[in-house]
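The structure appears right after this line, and notes come after that.
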Amino acid sequence: MTPTRIIAAATLLTAVGGIIALAQPDSSSNSPPPAAADPGEMDALRARLETAWKAGDQGSMLAALDRAYAIDPVWTGAAAIRLATDADTTLRPIGLRVLLNHADVATLVRAIERCDRTRQQTERRWLTYAIGLRKLEEGKAPLAALLNDQDPMVQAAAATGIALLGDAKLAETLIPKMREAPALKATWSGDRQDILQMRVHGAFTTLTGGRPRSAAEARRWWRENGPQVIEKGPVTAPDGPTPTTVNRGKTYFQLPRFELSFEFGSGPKQAQEAAAAMAVLMQQATDRPLTSAQRVLGPLELAPIRLIIADRQRFAAFAGNSFRPGVSKGNEVVLLDGPAAMMVSTMAHEYVHVMHQATFENQPRWLSEGLAESLAVSTEKSVWSANLIARAGLDDAIRKGAFSELLNWRGPASSGDRENQLYALAHVAVDFLRFGPFAASDERLALFMGALSQRQNEAKAIEACYGLTVKDMDKALAEWVAMAR
């Protein structure tokens, strides 16, 4: 069986009593029947879907459902909801992808209601994002309700969804959820409340242009600036010197996505000019990884974070080590001053860490580092070829089993060839998860990270999401690498 068909082929045959069960209309739906369904083409698509189902060919299932949604959205929406909530967890990414791509707001709300609140937190969050992405008036009420969901992660997704709607009047609904601005926090645990604040403050800034430091300041800011924002759109920085704020006695320059501080032994010269140049550099460092990350992590309307650029003398004091030219935590990046190309590549990696931590908690080291490398470097497709893998000295590790090796990678950052090889191996592994033989690969990876976020065992989470044991994943990755050009 080829890698594209190896995923849970046996379990697919029994899920939900077979493909015919999906053909039954959803009796709870209030949607009208499609205006002009093509019965002949739908019959052919159902036949294709059943054939793909029996073969375990999830890619063909997805293609058939994508086409079917254009012809009969009621039937296909009901089928997608059933797949997204199926007991067979390898099927859920298929249903989720179809809903994210095609479903209207009513269908998305119905899907959220059908999801198990305990076991399907990630599905509920991604469906919540999708409501905002529709940018429709009927999305406002559901998102306002989800902003008060019992799950803080769904609240965070609702805040992002509200930002996506783009209606400045909704900024006021975010204020009761706001606490201390992320850039101000001295310590950052990356837990659900930190993620919520990244999303709520980010949504408020997206809608208004304001950067309040707390809920009380947000209320004052809204009273003073709300009418102008509603009438004219977000407040923008005035022409002239870059605005600054003071945080614990240090001056920070306000840049898009960041609050920037220079830490140089003798103090930076011409700091305003340096900040303006750094704004351009940081845009180059973050735009492509952001676009890449949103395919896997969903929309990312995040609060500004601290960015500290330090010279060699002070870098270790802020970074905690000097093994690499940049370090990050959820609300801060410390970057070593150096050549522009080095700073751009380092910042791209570290900003992926920020985006990852603003979406999921409890992520293992191999996945965090592999995702940062993959999203920063393999932005459109995998950069790895068989020749490059050989030159990187990864052949032996891949032959022995990449995932078996990576699941044992623990501990803090260190130096040496072994650490560099693990970074590269993790990059290959995440590229395989993104660009390998798996249908709905972005959604599947998101659901895998969501399972780990809920502290599921890594090996069990791999099997639940990918339908393969760790050893089988090792073999499938080795086959994929052998075919890489």
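As the structure is a computational prediction, the values presented were derived from the model and not from experiment.
For the pair Thr90 and Glu463, the tightest heavy-atom approach, listed with the atom from each and the gap, is CG2-O, 4.3 Å. When all heavy atoms of Tyr252 and Glu259 are compared, the pair lying nearest together is CD2-O, 3.2 Å. Considering all non-hydrogen atoms of both residues, Gln454 and Thr118 come closest at NE2-O, 2.9 Å. Val354 approaches Gly330 most closely through the heavy-atom pair CG1-O, 3.6 Å. When every heavy atom of Leu108 is checked against every heavy atom of Ile131, the shortest pair comes out as CD1-N, 3.8 Å.
Side-chain contact between Gln58 and Leu62 is absent, with no heavy-atom pair separated by less than 4.5 Å. Phe435 places a side-chain heavy atom less than 4.5 Å from the side chain of Ser378. The closest side-chain heavy-atom distance from Leu307 to Ser261 is not below 4.5 Å. Inter-residue side-chain proximity for Thr346 and Leu336 is flagged as unmet; no heavy-atom pair is nearer than 4.5 Å. Contact check for Leu425 versus Leu406: side-chain heavy atoms found under the 4.5 Å cut-off. By the 4.5 Å heavy-atom criterion applied to side chains, Leu367 and Met449 are counted as neighbours.
Atom CZ of Arg288 is surrounded by 12 or fewer heavy atoms from other residues, nucleotides or ligands within 6.0 Å. The local environment of NZ in Lys460 is sparse, with at most 12 non-hydrogen atoms from other residues, nucleotides or ligands closer than 6.0 Å. Atom CZ of Arg248 sits in a crowded spot, with more than 12 heavy atoms from other residues, nucleotides or ligands closer than 6.0 Å.
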Practice item. Show the numbers, then the answer: is there a side-chain contact (heavy atoms from CB on, under 4.5 Å) between Met473 and Val470? Key: CA-CA 5 Å; Met473 289 287 278; Val470 172; 5.5 Å; no
Check your understanding: Stepwise, does the salt bridge (charged side-chain N to carboxylate O under 4.0 Å, His left out) test hold for Arg124 with Glu113?
Key -> CA-CA 8 Å; Arg124 296 183 75 233; Glu113 292 170 348; over 6 Å; no
Check your understanding: Could you walk me through whether Ser292 and Arg434 pass the side-chain contact (heavy atoms from CB on, under 4.5 Å) check?
Key -> CA-CA 11 Å; Ser292 180; Arg434 293 177 62 208; 3.2 Å; yes
Exercise for review: Start with the C-alpha distance between Gln120 and Thr85, add both sets of side-chain angles, then the distance that settles side-chain contact (heavy atoms from CB on, under 4.5 Å), and finish with yes or no.
Suggested key: CA-CA 8 Å; Gln120 291 198 271; Thr85 57; 3.7 Å; yes
Point to revise | Stepwise side-chain contact (heavy atoms from CB on, under 4.5 Å) check, Asn331 with Gln357 | key: CA-CA 9 Å; Asn331 68 333; Gln357 291 180 49; over 6 Å; no
Sequence neighbours excluded and cut-off under 3.5 Å, please list the side-chain donor-acceptor pairs for residues 158-166, or say none.
| from | atom 1 | to | atom 2 | distance (Å) |
| --- | --- | --- | --- | --- |
| Thr160 | OG1 | Ala156 | O | 3.4 |
| Thr160 | OG1 | Arg199 | NH1 | 3.2 |

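Ion pairing of Arg312 with Asp337 is absent here, as no side-chain N (NZ or NE/NH1/NH2) approaches a carboxylate O to less than 4.0 Å. Between Asp194 and Lys329 there is no salt bridge, since none of the side-chain N atoms of the basic residue sits less than 4.0 Å from a carboxylate O of the acidic one. Salt bridge Arg192/Glu361: present, at least one basic N to carboxylate O contact under 4.0 Å. Taking 4.0 Å as the cut-off between side-chain N and carboxylate O, Arg179 and Glu217 do not count as a salt-bridged pair. A salt bridge is defined here as a Lys NZ or Arg NE, NH1 or NH2 lying under 4.0 Å from an Asp or Glu carboxylate O, and Arg97 with Glu443 meets this definition. Salt bridge present: Lys140 and Asp167 bring a charged side-chain N and a carboxylate O closer than 4.0 Å. Between Asp431 and Lys381 there is no salt bridge, since no side-chain nitrogen of the basic residue lies less than 4.0 Å from a carboxylate oxygen of the acidic one.
For Tyr423 and Trp409, the distance between ring centers is under 6.0 angstrom. A ring-centre distance under 6.0 Å is not found for Phe264 and Phe315.
Between Arg306 and the options Glu263, Glu350, Glu332, a salt bridge (Lys or Arg N to Asp or Glu O under 4.0 Å) holds for only Glu332.
The aromatic rings of His349 and His353 sit perpendicular, their planes meeting at an angle over 60°, well past the 30° parallel limit. Between Phe438 and Phe432, the two ring planes are perpendicular [angle over 60°; tilted spans 30° to 60°].
Not one N or O on the side chain of Glu123 forms a donor-acceptor pair closer than 3.5 Å with the backbone of Ile112.
Side-chain contact, Ser385 with Asn387: no donor N or O sits under 3.5 Å from an acceptor N or O.
A cation-pi contact links Arg125 to Phe360, judged by a cut-off of 6.0 Å to the six-membered ring centre and 45° from its axis.
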